[in-house]
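All values derive from a computational prediction rather than experimental measurement.
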Amino acid sequence: MAIDWFEKVKEYYLGGFYGVEEVNKFVKLKKITQDQADEIFKAKEEQNDEEAE
């Protein structure tokens with residue numbers, strides 16, 4: 001069974017276990033695309049917006 005790198009990285013980033021550097025490292029290693037990384041960053045912004053309300 002293959003690892004879904006996008007979902008795994010997103011989960012860890014949103015949980016606070018990974019930072020921007022780690023997400024970008026997965027792009028460099030070609031485990032996720034830059035578009036997917038941008039989607040992960042956007043999800044974090046939305047999460048922060050919801051918590052601020």
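- Every side chain to side chain donor-acceptor pair (under 3.5 Å) that Gln34 has, sequence neighbours left out, goes to Asp38.
- The CZ atom of Phe6 sits 5.0 Å away from the CD1 atom of Ile40 when rounded to the nearest 0.5 Å.
- Distance check: Trp5 CH2 to Gln36 CD gives 12.5 Å after rounding to the nearest 0.5 Å.
- Every residue two or more places apart in sequence or in another chain that forms a side-chain contact (heavy atoms from CB on, under 4.5 Å) with Asn48 is listed here: Lys44, Glu51.
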Name the atoms and distances for all side-chain donor-acceptor pairs under 3.5 Å in residues 10-29, with sequence neighbours left out.
{"from": "Glu22", "atom 1": "OE1", "to": "Gly19", "atom 2": "N", "distance (Å)": "2.7"}
{"from": "Asn24", "atom 1": "ND2", "to": "Val20", "atom 2": "O", "distance (Å)": "3.3"}

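- Atoms CG and NZ, from Asp35 and Lys42 in turn, are 12.0 Å apart once rounded to the nearest 0.5 Å.
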